[in-house]
Number of protein chains: 2
Amino acid sequence: MNPTVASSFVPETPCIIIQDEIMKHNIQSMAHTARRHQVRLRPHAKTHKMPHVAHQQIEAGAVGITVAKVSEAEVMAQHGITSIFIAYPLVTESKIERATALSKQIDLILGVDSEEGALLLSQTAARLGHTLNVRLEIDTGLRRTGVLYENALTLAARIHGMEALRLTGIYTFRGALMNKKPTLDLKSAGEEEGRLMVELADRIRSQGIPITDVSVGSTPTGAYAAAVEGVTEIRPGTYVFQDRMQARFGVCGIEDCAGSVLVTVVSRPSADLAVIDGGSKTFATDVQPNTEPLLLQGFGHVVGLEDAILERMSEEHGMLRLGPDAQRAGLKVGDRLHIIPNHICSTVNLHNRVFFQQGDQLVPFDVLGRGMLE
Amino acid sequence: MNPTVASSFVPETPCIIIQDEIMKHNIQSMAHTARRHQVRLRPHAKTHKMPHVAHQQIEAGAVGITVAKVSEAEVMAQHGITSIFIAYPLVTESKIERATALSKQIDLILGVDSEEGALLLSQTAARLGHTLNVRLEIDTGLRRTGVLYENALTLAARIHGMEALRLTGIYTFRGALMNKKPTLDLKSAGEEEGRLMVELADRIRSQGIPITDVSVGSTPTGAYAAAVEGVTEIRPGTYVFQDRMQARFGVCGIEDCAGSVLVTVVSRPSADLAVIDGGSKTFATDVQPNTEPLLLQGFGHVVGLEDAILERMSEEHGMLRLGPDAQRAGLKVGDRLHIIPNHICSTVNLHNRVFFQQGDQLVPFDVLGRGMLE
């Protein structure tokens, strides 16, 4: 239940505010990109973890969603999402049992990246009298999960031969150009990612394995990877809200960021310092300032105060270093500021609830998929 | 309700496990330190945010607890904690109204660090027919909240003159030696923190303001600050669980860390890489590797695998770089590992629930105070 809250309502801070209109624009924009390149769009719900946002993405043209956890898939399915890709290797029996049960109810696809993992999937599904749709995860340079590119053909053949698995595609997350050596050349990175995957898909098909899906792409690389002939699906996540990191990548402008943290100035101990009521338990710290290639200053963009830098944080305090312009603004104790976080996905993950600004109304929604033990 | 879970129960990962026996030892140990120095102990509950842990701290001798938010104080009071210090400036009327209501029910103390803040506290309390106990926060070098040391005397006098406030003490969090120039010399840092505060308290008293409480100290500096004659209270938080950061400070051994994250190996793409199912949404990233003065390697200590480094994380993936010994250990997909996080406080804050290992039982408790808007 999400009772509408009147415009006179001022939420306690710190809290996240999502500008609904900007979000809707972002949703339409990525749907348009996918249509233009004739690829399917399956957004990663990690950014919002909220079923009502997933529904809007699907209404705009997405074929379904992507998640990282069985628990997230369960929450989304309970709220009416019927096509879900768990882009994460499930390697324990209890989770595979839950995924199999879910797969009997909705269109579910599972990620797999190892022979042991595939065997356990197959054995568990067979025992439960079911066949699972799986996609093989490929490491195109990130050194995360994903079978090494050179070993993919062999593993694909093994999975194809397993009793209760249907290998329907391959997927990856970003390529070497984005990760081994950080770059802002998104076009080259996206094209490389797409090209590597399409070449591999062709080699797998030439072994008589009829895979359909070649799934790639994140928010920064998605549009470029989608342009590669043979790519069939993109899975961007952050685009729904956008954030300061994406703006710095050049994917969007700072005005396209739908999410900000509303904070209150709690202390003005000196002319160059304002302390706000949000620290590392309010703003994610996984995208650190001053690291390549982004070289972001501080932990967020202070809206309307260009030379105020969110320079340091402790758990519940944020320290804004005020430059000359910000000092002239005369910030007082009790003043409120909007700060666009470096990374919105992990910031939303810190909050039990966010507020959507719809016209002059603020509507609270629980972040239903957050904090699940897979 | 916290149903006991039998030893055969294996929770889904990633999840936090607290070794109850180690926690109880840590609670006793800090209580002993406080008694030895004849100071009061008022632990900061930010680390656990769980009433049942706060009760154990009080049973061991603590006079009450410290929190950062009205909402945390409300949760703790609802669960029977009757003496709470909100060590954070409340500067909005709605929160002050809530604090005043709470102050009519329990022994509540509020932090204040500015004249504007104090005025709003006084006016709101007066309007509600109540007098609030407050402590003045002093900046002894951290440059966070806290009135600048040189302005403290004047502000103390103003607050003392306000209608509905009773200025009962002063407090600080760490001193310059811990913060302006990071140091591992905790003894000097703690003693400086204590000395500065005792000197200031004497000057305030000499103005005819009868303050009682001189409250200092965090987990690393607490024992040293407590030894300074005239300090009356310490407010350590992390000690209850301890963590890798504190072990590196020399405050405890790694074997004194009660909290670890239980994770599962989900992928072994190459000999030197194991990927686990915990990333930056599971492990806090506010204490970064390779930063002074701690120079911690990676985001956590991998128990039993000394040369496995939790080197990189994305949201749901942790990348363990395996040294020669860890490679010989033959980690397999599906294996479980305990990882002691760099910073337990912000890590607990990511989890809705943690499990307490009590003998051979695992008992889940919700982190009731987490994720509150203030």
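The chains referred to below are lettered A, B, ... by the order of the sequence lines, with proteins before strands, and numbering in each begins at 1.
Contact annotation: the side chain of B:K69 never approaches that of A:D277 to less than 4.5 Å [non-hydrogen atoms, C-beta and beyond]. The closest side-chain heavy-atom distance from A:R143 to B:D272 is below 4.5 Å. Side-chain atoms of A:S114 and B:R268, non-hydrogen and from C-beta on, never get closer than 4.5 Å to each other. Between A:H44 and B:E315, the closest side-chain pair of non-hydrogen atoms is not below 4.5 Å. At a threshold of 4.5 Å between non-hydrogen side-chain atoms, the residues B:P269 and A:E137 do not count as touching. Two residues are said to be in side-chain contact when any heavy atoms from C-beta on lie closer than 4.5 Å; B:T145 and A:E316 fail this criterion.
Between chain A and the residues B:S346, B:C345, B:G334, the largest count of heavy-atom pairs under 4.5 Å involves B:C345. With respect to chain B, the highest number of heavy-atom pairs below 4.5 Å among A:L148, A:L120, A:D113 belongs to A:D113. Counting heavy-atom pairs closer than 4.5 Å to chain B, the top-ranked of the candidates A:H317, A:M319, A:Q288 is A:H317. Counting heavy-atom pairs under 4.5 Å between each of B:V265, B:T282, B:N349 and chain A puts B:N349 at the top.
Using a 4.5 Å cut-off between heavy atoms, B:I276 contacts chain A through its backbone alone, with no side-chain atom that close. Only the side chain of A:T92 comes within less than 4.5 Å of a heavy atom in chain B; its backbone stays farther off. Interface residue B:S94: backbone and side-chain heavy atoms are both found under 4.5 Å from chain A. Proximity to chain B is absent for every atom of A:V147, based on heavy atoms less than 4.5 angstrom apart. Heavy atoms of A:E93 lying under 4.5 Å from chain B are absent altogether. At a 4.5 Å heavy-atom cutoff, the contact between B:L350 and chain A is made by backbone and side-chain atoms alike.
No more than 12 heavy atoms of other residues, nucleotides or ligands sit less than 6.0 Å from atom CZ of A:R158.
In plain terms, the two heavy atoms of B:V91 and A:V266 that are nearest each other are CG1-O, 3.6 Å. The two atoms that bring A:K95 and B:T13 nearest to each other are NZ-O, 2.7 Å, heavy atoms only. The two residues B:N352 and A:G371 have their closest heavy-atom pair at ND2-O, 3.4 Å. Nearest approach of A:G146 to B:S267, heavy atoms of both residues: N-OG, 4.3 Å.
By the 4.0 Å N-to-carboxylate-O rule, A:K332 lies too far from B:E116 to be salt-bridged with it.
Judged by distance alone, with hydrogens and angles left aside, the side-chain atoms of B:K281 form a donor-acceptor pair with the main-chain N or O of A:K46 at under 3.5 Å. With hydrogens and angles disregarded, no donor-acceptor distance shorter than 3.5 Å links the side chain of B:R144 to the backbone of A:S314.
Between the side chains of B:T285 and A:T285, a donor-acceptor pair is found at a separation under 3.5 Å.
Remark: A:S280 OG to B:H343 NE2 distance equals 7.0 Å, nearest 0.5 Å.
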